[in-house]
Protein chains: 2
Amino acid sequence: MSEPKIQDVARLAGVSTTSISNFLNNRMEQMRPDTQRKIQQAIEQLGYRPNNAARQLKTGVASMVGLLVPSLANQFFGSLACAVETAAARHHCHVMTFSTFRDPERERAVMADLLAYGAQGIITGSALNDTDHLVAMTARCPVVAFDIKRSDDSHERITTISVDNVAATTKAVEHLVALGHRSIALVTPPPYTLNRQDRVKGFQQATAAAGVSGELVIADATDAPTDLHGDTQLFELGRSAAARLLSAASKPTAAIAINDMMAIGIGIGLKQLGKRLPQDFSLIGIDDIFFSAANDPPLTTLRQPIQAMADAAVQRILAPNTATAGGELFAPELIVRASTAAPPK
Amino acid sequence: MSEPKIQDVARLAGVSTTSISNFLNNRMEQMRPDTQRKIQQAIEQLGYRPNNAARQLKTGVASMVGLLVPSLANQFFGSLACAVETAAARHHCHVMTFSTFRDPERERAVMADLLAYGAQGIITGSALNDTDHLVAMTARCPVVAFDIKRSDDSHERITTISVDNVAATTKAVEHLVALGHRSIALVTPPPYTLNRQDRVKGFQQATAAAGVSGELVIADATDAPTDLHGDTQLFELGRSAAARLLSAASKPTAAIAINDMMAIGIGIGLKQLGKRLPQDFSLIGIDDIFFSAANDPPLTTLRQPIQAMADAAVQRILAPNTATAGGELFAPELIVRASTAAPPK
DNA sequence: CTGTTAGCGCCTTCAC
DNA sequence: GTGAAGGCGCTAACAG
């Protein structure tokens with residue numbers, strides 16, 4: 001049951017431990033081809049695996065980055081985790097993902113764990129509640145955020161990677177206006193985070209620029225049940241916001257949801273109220289989560305280039321010098337599907 | 001930037017490193033309250049965090065289990081990862097999750113990484129392609145699988161935790177029969193894995209027992225595009241199987257899908273063919289993934305008790321003596337929603 | 001109850 | 001190219 005160690009390999013191969021170490025760290029110049037062969041053979045025969053803990057203890061670095069998400073059960077963050085893992089793998093680095101369940105205490109504990117593991121850096125997928133500890137982390141290792149609270153005043157120390165949220169809602173409005181809509185609503189929970197705030201800004205600017213009505217419908221979290229695991233909340237919030245949407249003062253014929261999860265909820269709510277999509281009402285989301293395409297009707301949305309964003313985040317941590325300075329903004333891509341059409345006559 | 005170490009704490013607190021170690025490992029009996037207080041204070045003042053690598057090197061154990069899933073972008077496995085993380089946290093243990101993308105080479109590499117990290121055990125969420133290495137792992141650490149290939153002949157060495165698949169399809173058939181259906185189909189990709197095979201068995205037994213027609217519709221993977229990240233495959237497979245379902249020899253009025261992802265695809269396909277659910281056709285899935293409730297119509301399904309299963313899996317690894325011997329089967333729960341109804345007259 | 005000490009497995013000089 | 005040796009931070013004897 002006990003693992004073979006580097007000396008065992010050295011003995012079997014009939015070489016020194018130094019050579020094994022060199023071999024393991026790809027310093028091939030320093031040995032003859034047949035030495036390499038012998039080592040390779042000995043390693044395979046023994047099923048040898050260098051012990052990560054020992055290596056880390058000696059070198060002081062772990063090839064690991066930490067990822068914090070509200071919950072992996074939330075489809076968007078599952079995809080994000082997957083993208084981050086892929087990005088890290090390109091740097092031969094591993095990812096340790098933690099679900100925080102939006103619990104400040106857990107966020108804190110988890111950051112401490114990451115530090116104890118010697119994580120090279122930490123990436124947070126959504127705005128954390130425990131801002132203090134996040135900021136404190138910046139003193140220890142690079143911190144990259146996909147979203148942060150708008151009240152967070154330590155932006156400079158946290159690298160922010162995100163989609164261009166202003167552009168997202170702008171494009172959404174333009175798409176809807178091109179279709180002929182003259183009154184559009186944006187449905188969102190209270191915009192506490194930078195991402196949401198920017199989406200609101202883009203919405204307001206774009207509707208004003210196009211000279212169409214742009215009403216904000218705030219879906220308040222108080223009346224929806226909290227579900228920490230699945231983040232069902234936004235879905236339920238969307239469903240319950242459907243009625244408010246239809247009775248809004250500006251009589252909107254189309255709505256932009258703050259994200260796809262909410263859009264899907266709105267869609268269900270609208271259908272329950274007898275509206276057909278897109279004939280009676282147009283709906284557009286943001287994110288392009290997997291189920292947007294499987295929705296009925298398939299949801300028009302603005303896709304976040306998650307993989308590119310994950311690559312950038314990982315690069316910030318593992319190769320900070322090759323990365324662009326400051327935050328980075330990625331262009332959203334309009335994916336036209338079947339939930340948007342011309343307004344009813 | 002360099003982290004404080006145990007000696008620094010000892011010096012500041014004016015005690016020995018042993019006491020610090022005892023303190024860190026909750027051996028409080030061995031010291032006076034004021035010593036504890038001093039230590040606590042010193043730790044906080046220094047922001048001390050014990051180095052995990054050193055601890056692991058010394059004790060030989062990492063408090064970590066590995067989880068292998070096809071992809072975290074797949075909603076079911078995201079939920080599973082979340083459940084496993086929660087279960088492990090109860091044992092103060094961390095989880096390192098890897099997406100294998102069903103690539104045998106990656107499965108192998110990832111298992112090796114897990115070994116190098118000193119994982120206490122490994123859990124695999126779905127049948128792996130690289131069976132040899134999985135079996136080899138059993139010699140090093142406990143291996144728990146939620147599903148394995150039916151050709152895998154090393155079942156004894158791998159603990160299998162799963163829902164009672166025979167019961168799942170049996171309950172599905174019973175529900176449908178109670179509703180009045182006399183001809184039911186089971187839609188599945190080729191049943192290469194134990195889970196699927198059992199589902200087929202339950203279906204055949206139950207339809208036979210009820211004296212109703214039970215046709216198997218095999219959706220072949222060849223005509224659907226492969227999407228490794230999102231496992232869209234099953235969704236697309238379901239969609240394309242809808243036509244075959246309607247033209248099946250036994251004229252089924254209801255279908256059981258091998259899982260919810262496929263059921264959602266079948267539902268879309270059916271609607272595209274002009275069928276209304278559940279008036280014209282009843283549909284039932286297995287899993288109860290998040291989007292089943294958000295589907296239109298909300299999907300009747302058999303829920304897997306994922307959290308309980310994850311708890312059992314983790315317990316197998318971290319407390320094998322307290323765990324039940326052999327594999328464990330969990331009862332699925334019928335969740336009746338709106339995709340099933342009496343057959344059309 | 002507290003201090004001292006010897007490694008855990010690996011990496012890296014350094015002399016050979 | 002090789003072999004020896006020191007030490008990364010922590011734990012667990014063992015003495016006191």
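Below, chain A is the first sequence line, B the second, and so on; all start at residue 1.
- Annotation: salt bridge (Lys or Arg N to Asp or Glu O under 4.0 Å) contacts involving residues 120-130 of chain A, sequence neighbours excluded, comprise A:Arg108-A:Asp130.
- Two residues, A:Pro50 and B:Thr35, neighbour DNA chain C, and the one matched to the more 5' nucleotide by heavy-atom proximity is B:Thr35.
- Atom NZ in B:Lys5 sits about 8 Å away from atom C1' in D:dC8, given to the nearest Å.
- Legend: side chain to side chain donor-acceptor pair (under 3.5 Å) pairs involving residues 44-63 of chain A, not counting sequence neighbours, sorted by first then second residue: A:Gln40-A:Glu44.
- In this structure, the salt bridge (charged side-chain N to carboxylate O under 4.0 Å, His left out) partners of A:Asp8, at least two apart in sequence or on a different chain, are A:Arg11.
- Paired with A:Ile317 under the rule side-chain contact (heavy atoms from CB on, under 4.5 Å), one option of A:Val143, A:Val65, A:Thr159 passes, and it is A:Val65.
- For the pair A:Ile6 CD1 and D:dG6 C1', the interatomic distance rounds to 15 Å; values are reported in whole Å.
- We find that CZ of A:Arg11 is positioned 12 Å from P of D:dG3, with the value rounded to whole Å.
- In this structure, the side chain to side chain contact (heavy atoms under 4.5 Å, CB included) partners of A:Ala308, at least two apart in sequence or on a different chain, are A:Pro305, A:Phe330.
- With sequence neighbours left out, the side chain to side chain contact (heavy atoms under 4.5 Å, CB included) criterion links A:Ala136 to no other residue.
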Every protein N/O within reach of nucleotides 12-15 of chain D N/O, cut-off under 3.5 Å:
unit_1, atom_1, unit_2, atom_2, d
D:dA12, OP2, B:Arg27, NH2, 3.3

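- For residues 19-42 of chain B, no pair satisfies ring-ring contact (aromatic ring centres under 6.0 Å, His included), with sequence neighbours left out.
- If you measure from atom CG of A:Leu57 to atom P of D:dC10, you get 9 Å, rounded to the nearest angstrom.
- Between the side chains of B:Asp147 and B:Thr193, at least one donor N or O sits under 3.5 Å from an acceptor N or O.
- Among residues at least two apart or in separate chains, salt bridge (Lys or Arg N to Asp or Glu O under 4.0 Å) pairs with a member in residues 71-98 of chain B are A:Arg106-B:Glu85, B:Arg90-B:Asp311.
- Taking atom CD1 of B:Ile43 as the reference point, atom P of D:dC10 lies 10 Å away to the nearest angstrom.
- Protein atom CD of B:Gln7 is 13 Å distant from nucleotide atom P of D:dG7, rounded to whole Å.
- Judged as a side chain to side chain contact (heavy atoms under 4.5 Å, CB included), and not counting sequence neighbours, the contacts of A:Thr124 are A:Leu68, A:Leu128, A:Leu134, A:Ala145.
- The outermost nucleotides of DNA chain C lying under 4.0 Å from heavy atoms of chain A, listed 5' to 3', are C:dG9 to C:dT12.
- One can place OH of A:Tyr117 at 18 Å from P of D:dG9, the figure rounded to the nearest angstrom.
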Return all side-chain donor-acceptor pairs below 3.5 angstrom for residues 110-123 of chain B, not counting sequence neighbours, or 'none' if the list is empty.
unit_1, atom_1, unit_2, atom_2, d
B:Asp113, OD2, A:His94, NE2, 2.9
B:Tyr117, OH, A:His94, ND1, 2.9

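- In the helix from C:dC1-D:dG16 to C:dC16-D:dG1, the terminal helix axes, each the rotation mapping four pairs' C1' atoms onto the next four within five end pairs, subtend 40°, rounded to 10°.
- Straight-line distance from the CG atom of A:Asn51 to the C1' atom of D:dC8: 13 Å, rounded to whole Å.
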